[in-house]
Amino acid sequence: MTTKIKYTFKDFQSDQEVRWCPGCDDYVILRSLQKALPLMNRPKEKFVFVSGIGCSSRFPYYMDNYGIHGIHGRAAAIATGVRLANPDLSVFVITGDGDSLAIGGNHFIHALRRDINLNIILFNNEIYGLTKGQFSPTSKIGQKTKTSPYGNTQPPFNPGELAIGADARFFARVAGNDAKGQTEIYVQAHAFKGTALVEVLQNCVIFNDGAYKFWTDKNVRDEHTLFVEHGKPMIFGKNRDKGLILDGLQLKTVTIGQNGITEDDILVHDAHNPDPVLHMMLVRLKNPLVLGVIRAVEEKTLEEREIELTEQVKARSRIKSFDDIVS
Amino acid sequence: MTTKIKYTFKDFQSDQEVRWCPGCDDYVILRSLQKALPLMNRPKEKFVFVSGIGCSSRFPYYMDNYGIHGIHGRAAAIATGVRLANPDLSVFVITGDGDSLAIGGNHFIHALRRDINLNIILFNNEIYGLTKGQFSPTSKIGQKTKTSPYGNTQPPFNPGELAIGADARFFARVAGNDAKGQTEIYVQAHAFKGTALVEVLQNCVIFNDGAYKFWTDKNVRDEHTLFVEHGKPMIFGKNRDKGLILDGLQLKTVTIGQNGITEDDILVHDAHNPDPVLHMMLVRLKNPLVLGVIRAVEEKTLEEREIELTEQVKARSRIKSFDDIVS
Amino acid sequence: MTTEFKKRTDKPVRHLDQVTIRFAGDSGDGMQLTGTQFTTSAAMLGNDVFTFPNYPAEIRAPQGSLYGVSGFQVQIGAKNIDTPGDKLDLLVAMNPAALKKNLKDLKKGGMLIVDTDAFNKINLQKAKYESNPLEDGSLKDYLVVQVPMTSLTREALKDIPIDSKSKTRSKNMFALGMVYFLYGKDPKYTVEFLRKKFKNKPDIVEANIKALQTGWNYAETLELLPAFVVDEAPHHAKEYKIITGNTATAWGFLAAAEKAGLKLFLGSYPITPATDILQELSKYRALDVIAFQAEDEIAGISSAIGAAFAGKLAITTTSGPGLALKSEALGLAVMLEIPLVVVDVQRGGPSTGLPTKTEQADLMQALFGRNGESPAVILAAKSPADAFKMAFEASKIALEHMTPVILLTDGYIGNGSEPWTVQRLKDLPEIKPPLLKEPVENWKPYHRDPETLARKWVIPGTPGLEHVIGGLEKDKETGAISYEPENHEYMVKIRQAKVDKIAGFIPPLETEFQSEGELLVVGWGGTYGALRTAVGQLNEKGKKVGLAHFNHINPLPKGVEKVFEKFDKIIVAELNLGQFANYLRMKHPEFRYEQYNKIQGLPFTVEELVKAFEKLLK
Amino acid sequence: MTTEFKKRTDKPVRHLDQVTIRFAGDSGDGMQLTGTQFTTSAAMLGNDVFTFPNYPAEIRAPQGSLYGVSGFQVQIGAKNIDTPGDKLDLLVAMNPAALKKNLKDLKKGGMLIVDTDAFNKINLQKAKYESNPLEDGSLKDYLVVQVPMTSLTREALKDIPIDSKSKTRSKNMFALGMVYFLYGKDPKYTVEFLRKKFKNKPDIVEANIKALQTGWNYAETLELLPAFVVDEAPHHAKEYKIITGNTATAWGFLAAAEKAGLKLFLGSYPITPATDILQELSKYRALDVIAFQAEDEIAGISSAIGAAFAGKLAITTTSGPGLALKSEALGLAVMLEIPLVVVDVQRGGPSTGLPTKTEQADLMQALFGRNGESPAVILAAKSPADAFKMAFEASKIALEHMTPVILLTDGYIGNGSEPWTVQRLKDLPEIKPPLLKEPVENWKPYHRDPETLARKWVIPGTPGLEHVIGGLEKDKETGAISYEPENHEYMVKIRQAKVDKIAGFIPPLETEFQSEGELLVVGWGGTYGALRTAVGQLNEKGKKVGLAHFNHINPLPKGVEKVFEKFDKIIVAELNLGQFANYLRMKHPEFRYEQYNKIQGLPFTVEELVKAFEKLLK
Ligand SMILES: Cc1ncc(C[n+]2csc(CCOP(=O)(O)OP(=O)(O)O)c2C)c(N)n1
Ligand SMILES: Cc1ncc(C[n+]2csc(CCOP(=O)(O)OP(=O)(O)O)c2C)c(N)n1
Ligand code: SF4
Ligand code: SF4
Ligand SMILES: [Mg+2]
Ligand SMILES: [Mg+2]
């Protein structure tokens, strides 16, 4: 089916002026995805970008592909229809923490449960950007926003944890300012058969600047984050001398070379393990914060189940046309 | 505040005729809860039962308390309003797998995240009862129902897993035909400060009879289920000779007395551990299926945070009346 | 096993034009099946038929309880039949609760068949009878036929090796056998049906057929029975099927999709009384139908919007509360200008209301239940069989005019059934969606066809026509976001004009019975049968009364003024507080409208209509 | 630091009745603050004022871009002012994009102040100017005042130790200083404001005040300036605040709750342009207000329903798309008969539409956007200050009549501001909800007060009055589920009657200007100011034109017929395609209604209204 075409990121730029605030991570995400698309090896008319409402959800306008700028929270549901209707399309859901975890929470968990082949890019800035700064379901307790002038009282979701609880088969996390990491991960998400969720830690310079500083600032990010890769030991740190080991049911950071620890003692990342327990531990970790593809467990997707069942029914049915029903 | 009154279950029976199908587990649930209420030591006018729509959701009509029979899927949201409005009320949410996990999924996960003091009793019969037998988000793959005549293609949620992913602080599971177990658990759920979720494995005799036979049938239930209690070893079996141990990141069933295993080797249940990893493993287990209070981690509830913050603001504010705003 | 049924003895028979029968019993008594069997046989044997099932909201209410009573009414006729009948000629009551709930609908002098075995103390108590109505003289106005059905059935089946419960359960076949005999209907189709249905349970087949025969034979012994005959209806179509409105709706979509060369996508969430459409369409995987049961109504319509974008004939089905939930997304479909059909099988409201009852009170919601100026096409089906036609037409309009269409039916026609003349694809009009499959110079996503004002439908996957559409106001050509004041006004008006223009593509309004006269009766949707019968009766009495019944609500068909001005008075009859009347006041304020309204969860009776209309006649 | 401002030299001044000014610049230029400061000062100094902010949908559009232009318009008057003005007497344009977007609204001969420093090549390009308008003669119809504001400001602040960006940013104060001088307004309130706002940043205070002074002084040097004065408005209330409609709405609820002896609960989800109400109410924890930000609109209204059940004054706030989502739950509130206020701050539709623009197109949705016969009370606020009154009244009606009330405002009055005469609790009417706090013999949950038809409000926690309510149709006394046909009809009608009866509790319709005559102008909601001004102008020209403006939509106030029949013609003017006109056709079909409609996301101008109405006059 797939025609091989050589694209560059420019082929995915629309003629619309990009209208985010100067300095917003959204620009990085846009460019990273535009750079990832040529690596996916699909004709551009096969890509569909579906979004909800929010700063992030303006995304489809900036892509030169098919797209729907939907209504608030419903992108996953609309995209499910697109994909069920035509499993030959590569469907991206572009959404924010408000769009997907507040109003759209239901469609979000159901998409993950069903394991339909969507690529959900969740711009998590821990704030409502477009409506100018109210707390979101990922805002921290105590966070002061326009609707929590004395501090937020609602404990946040951890999107990765929620996703795994909803039986997500693919979860990745990446920093909003990490262009290269994003491009890699988008390619992997697209290649994954099933619902792929990518949480992007996106800095909103206007309403929640610095929310991820602890993890994304150049000076500290190597010490405070761990970028996992399947089959590789979980090592991090500027000097790549830190790693994770399992201590009972807890992950522990150790230093290679200290207390007799060698690289061989470090846990090797297995993104493909169907059992989500270790993945759950990884998504919960705060220091280091785990980035990269944390979970990627391919199963039969919803579309595949649908197609298989339909083929079975067709094979044994005498009904080939409406006329056969009434005859 | 609380007046001590001696009630019996009859005090909680309304004058409405109970209208479920003969043989439905809903009768057991009703009676078990009516028996639990006198043990909760609260005046009956302080109980509020809020439900959505479904067979299960008819429940409030059968109770002689305050109640709202709401709309489909919104019980948790309505109940959140009741409880925020008056934290002196004991609020129960009565709901079904369709009501809470299909249409009401969003309010369900948000109630758990917020940790507001509600008691959610989820009647999980893995089917839509009231609308006469369509698959639900907990129906099994391949299950034949009125809307899946060739078998269901959508993988189910595991309610406990979803709940833990949504950061639930209290989760219990109990068999729909286990009256005694239910009564105990309802009392514990009520005593718990925060959102308490009880999943009842409820048999629908009409549209999904036998869904839980493997676990609830008299002959096998002791072998196939484990009823956990906080602080007690995880032992089960007719002869109480089986138990769970941890083998790496997997739970394993062992026989006490075999291979040198003694009772001391068996895992002791810690429902209060804030780390959900082991609880996650327990809710995922299928044989034995884990029943009882699996997780119960008290934190500050949403109401408590709200009240605390409001008291702080009040203490330092000069505004005591509307007139002070305009003056 | 013998399946012989003794011929009815040739005593003189009474020929009737029509007969109304109701089978009533416990939810577990199989009354729906019994009624359906009788209906099918009568139809196969040449009668026109129209049914009205009426079951409780509870799944299985306790045995013998009043709210557990399930009923199935059918009118059969030797001439055209448009309603399930007002009053009953025959009531079969399987227990005291069934008698209590249904007796009020039995004609004075009508026949009542009861299972005397069920009239025991407990059942009488459950039905809240103070004394036994079979004994206290309260039934003196009726022709009461007391039959110990349960014991006769059990006795007849005593040698068949099935369990005791199954034997008792066969008593509905005993009752059916009696009614077959009474109306001289050959039970052969039921015999066939039983053989097929229980083909792996020969004992059950035998038991049921035996019960049927026993009932038939028993009826013969009751010398008191007059022998009725309802002759074959003369205009009966050669090839037809008895289908419910919900099935007809589903089939209409199947036909439309194939006719348009598209696949069908349904995104839906179960809700009474619309669930049947989802259930019916779930069966047609062989036709590549995707019947997607979503997590809620919003996901139902949203997935349909996605599927429409991706090139399917996309529909979503629901009832009133579900339509309320879909409002916001429906507005998006209006803005996107994509084809989408929304079916609302109306039920009693407001809120959860009366889920199993019928009403026409969602009209205003369908017309106006969206934010902003958000016009959608509104159609309404007149009867179970008409639902096929309207589902087809809704699809055609949606596809050819690139617009959401709301099709209103209701619980009465959704669950009711009547014969539907079989139509094949070749009998149906063409459907030609404005697909654009290849790049065209200077094409822009919101360019419009001058005839229909519809934009082109470009399906993702088409090279060279990539574009993005969305819910913000859009430039009149490119579809890009536009906040320009004049552009907004232009777009608001053109979306309205596109819908208005459809009036040029549908038949103009016509009247039945009279095209001028003293009174014009106006109705819409599922009340057609009752209105038509009532107006027919008035005309038979020599009154100059016309009927204007609307399938098309928005836009209204052309010619409304011309029709309305020919009558002295206009009365709008509907099952709500006057929503269509009010809509007409908006659209045609030049006329004065009387109203007849009923809001009881029940269809109109012909009798009440005739009475109401007569009041307006000199 | 000196804060002296030189007095204006005493040359002869022109006294004006009113003046309309717009400050326009980049989103980052602080135009909203500048406008607000000018407004406050003018008001404090005795003018009547009315404002209209107009900002882009984007948060921070790139500097200099056309769609990033933010504007703030204010009209100040020596007499009563009801609108922000049509055409501008003065436009302050901080860059080319601001000029490009706003020039069309400047009167011929009006004054234009520009920051010449911003008219560089890049900015001209971004604004899509082919040549520099300051040089190409295209501004010859205006009195152009070219000021190098940026450089003058930077020069003036050169010694103040703040960063360069902050210096540049102070140029808005320079512009404000000029305008203060021009209209002879003492800048003292702004000085006060700056001192308070930046109390921990003395350098910033100094910079801003310095810029203000520099602008003031600079204006004086411009001899060409005529000196204008807009005198004090005579009827100016002694004590007032300038508040936006959204703030006024929030305050109305605060007052109502306290007056009723209840606590306020808001369940809401952010949405433009309604979010301000949620944000405002989030501040009042000290008054025990619970402002609960829910996960979506459905949870917002559902939590409010729960809170109402539990005894709060419960409200939910939203805009059109959110109201669509709340439809189903609103039907539940109708069925439960509990007090609930829903605020819809209308914006441009359909769908996401024009989120930051104004419109009146949700009226039909508010009236009819629910399944079944589901009557709710509909009110509409006329102006920013009126929103206080209507929020209070909505609460009073909801509480005393046990019904949901929808209050319609719109983006124009929600964001616009005008002086609101301070009211304290003692100035406001009583609110007495029908609470039942102790068992009463034979009480049933759906017993009604004969005057209002409201049922009693029994709060959970009250011993002895336990009861369950729900969305299924209910018995007219007990509230238990009832499927009885007659009961349903009774309940549908009594719910309607309860709402209709409210007409007896609100003031009858009155007209302004004329109570009889040639033309009656009819309006509702936020168009009041423009309509009143236009009708006033026509009356000044000697035309017999009356104005009937509606705050109460459902039920309509009494006396509509009596008012309408006194005029030869009736025209309904509204910002939609004719929704209120259509509603009047339903309610009062005996009259003929002309329409004037505009649907551009903008309020009416007085000019267009006068023109439209004159057409109908001989
Ligand atoms: C039905 C509906 N409710 C509310 C809104 C208002 N709204 C628009 S975007 C948004 C939240 C945006 O937050 P998020 O999804 O985190 O996106 P971000 O702007 O932060 O990228 C809200 C509440 C809307 N457009 N529609
Ligand atoms: C808005 C809305 N959508 C759909 C329905 C129809 N409906 C009523 S109950 C139900 C599902 C019931 O399933 P569940 O919650 O599992 O309850 P059960 O009957 O199995 O106890 C549905 C789909 C409704 N009443 N309202
Ligand atoms: S408001 Fe925040 S998220 Fe939105 S564009 Fe600006 S910086 Fe980005
Ligand atoms: S349908 Fe199933 S769940 Fe509902 S009452 Fe009957 S047995 Fe119980
Ligand atoms: Mg966000
Ligand atoms: Mg269920």
Side-chain angles (χ1 to χ4, degrees), chain C residues 56-57 67 298 319-325 327-328 331-332 334-336 346 348-357 359 361-362 364-365 367-374 470-473 483 485-486 488-489 492-493 495-496 576-577 579 582-583 585-586 589 592-593 598-602, chain D residues 56-57 67 298 319-325 327-328 331-332 334-336 346 348-357 359 361-362 364-365 367-374 470-473 483 485-486 488-489 492-493 495-496 576-577 579 582-583 585-586 589 592-593 598-602:
Chain C
Y67 58 85
I298 300 177
S319 186
L323 186 60
L325 286 168
S327 316
E328 193 211 3
L332 176 64
V334 168
M335 201 66 152
L336 298 180
Q346 298 167 96
S351 193
T352 311
L354 295 170
T356 56
K357 306 290 173 189
E359 207 158 277
D362 293 350
M364 282 295 183
Q365 176 179 228
L367 281 162
F368 302 119
R370 290 171 294 284
N371 58 299
E373 292 289 352
S374 187
L472 286 160
E473 186 57 283
Y483 298 116
E486 291 75 20
H488 178 48
E489 183 145 333
V492 165
K493 288 185 172 163
R495 284 187 289 262
Q496 183 65 51
N576 57 38
L577 292 183
Q579 302 190 3
N582 274 331
Y583 178 63
R585 287 182 187 113
M586 292 168 43
R592 191 185 140 81
Y593 305 93
K598 170 173 172 177
I599 187 136
Q600 305 186 352
L602 294 172
Chain D
Y67 57 86
I298 301 178
S319 185
L323 185 61
L325 287 168
S327 316
E328 193 211 4
L332 177 64
V334 168
M335 201 65 151
L336 297 180
Q346 298 167 96
S351 192
T352 310
L354 295 171
T356 56
K357 306 289 172 190
E359 206 158 280
D362 293 349
M364 283 294 184
Q365 176 178 230
L367 281 161
F368 302 120
R370 292 171 292 284
N371 59 299
E373 293 289 352
S374 187
L472 286 160
E473 187 55 284
Y483 299 116
E486 291 76 20
H488 178 47
E489 182 144 335
V492 165
K493 288 184 172 162
R495 283 187 290 261
Q496 183 65 52
N576 57 37
L577 292 183
Q579 302 190 3
N582 274 332
Y583 178 64
R585 287 183 186 112
M586 292 167 43
R592 192 185 141 81
Y593 305 94
K598 170 173 173 179
I599 187 138
Q600 305 187 351
L602 294 172

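Numbers restart at 1 for each chain; the letters A, B, ... are given by sequence-line order, proteins then strands.
In terms of modelled atom types and a separation under 3.5 Å, the side chain of Glu489(D) and the main chain of Ile599(C) share a donor-acceptor contact.
Scanning both residues, Val492(D) and Gly349(C), for their nearest heavy atoms gives CG2-O, 4.5 Å.
In this structure, the side chains of His488(C) and Lys357(D) stay at 4.5 Å or more apart for every pair of heavy atoms. Using a 4.5 Å heavy-atom threshold, the side chains of Met364(C) and Met364(D) count as separate.
Between chain D and the residues Arg370(C), Gln346(C), Glu486(C), Glu359(C), the most heavy-atom pairs under 4.5 angstrom are made by Arg370(C). Comparing Ser319(C), Gly320(C), Pro321(C) by how many heavy-atom pairs each has under 4.5 Å with chain D, the most go to Pro321(C). Most heavy-atom pairs under 4.5 Å with chain D: of the set Gly331(C), Gly601(C), Gly470(C), Gly322(C), this distinction falls to Gly331(C). Interface remark: of the candidates Pro355(D), Gly353(D), Gly369(D), Gly353(D) forms the most heavy-atom pairs closer than 4.5 Å to chain C. Ranking Leu336(D), Leu602(D), Asn582(D) against chain C, the residue ahead of the rest is Asn582(D), based on heavy-atom pairs under 4.5 Å. Counting heavy-atom pairs closer than 4.5 Å to chain D, the top-ranked of the candidates Pro589(C), Pro350(C), Ala361(C), Ser374(C) is Pro350(C).
Looking at Ile298(D), the atoms closer than 4.5 Å to chain C (heavy atoms on both sides) all sit in the side chain, from C-beta outward. Both the backbone and the side chain of Lys598(D) have a heavy atom closer than 4.5 Å to some heavy atom of chain C. Interface remark: Glu373(D) contributes backbone and side-chain atoms alike to the contact with chain C (heavy atom separation under 4.5 Å).
Taking CG from Leu577(C) and CD from Gln496(D), the interatomic distance works out to 6.0 Å, rounded to the nearest 0.5 Å. Of the inter-residue distances, the one linking Ser327(C) atom OG with Glu328(D) atom CD reads 9.5 Å to the nearest 0.5 angstrom.
Residues forming a side-chain contact (heavy atoms from CB on, under 4.5 Å) with Gln365(D) (at least two apart in sequence, or on another chain): Asn371(C), Leu323(D), Ala324(D), Asp362(D). With sequence neighbours excluded, the residues forming a salt bridge (Lys or Arg N to Asp or Glu O under 4.0 Å) with Glu473(D) are Arg495(D), listed by chain and number.
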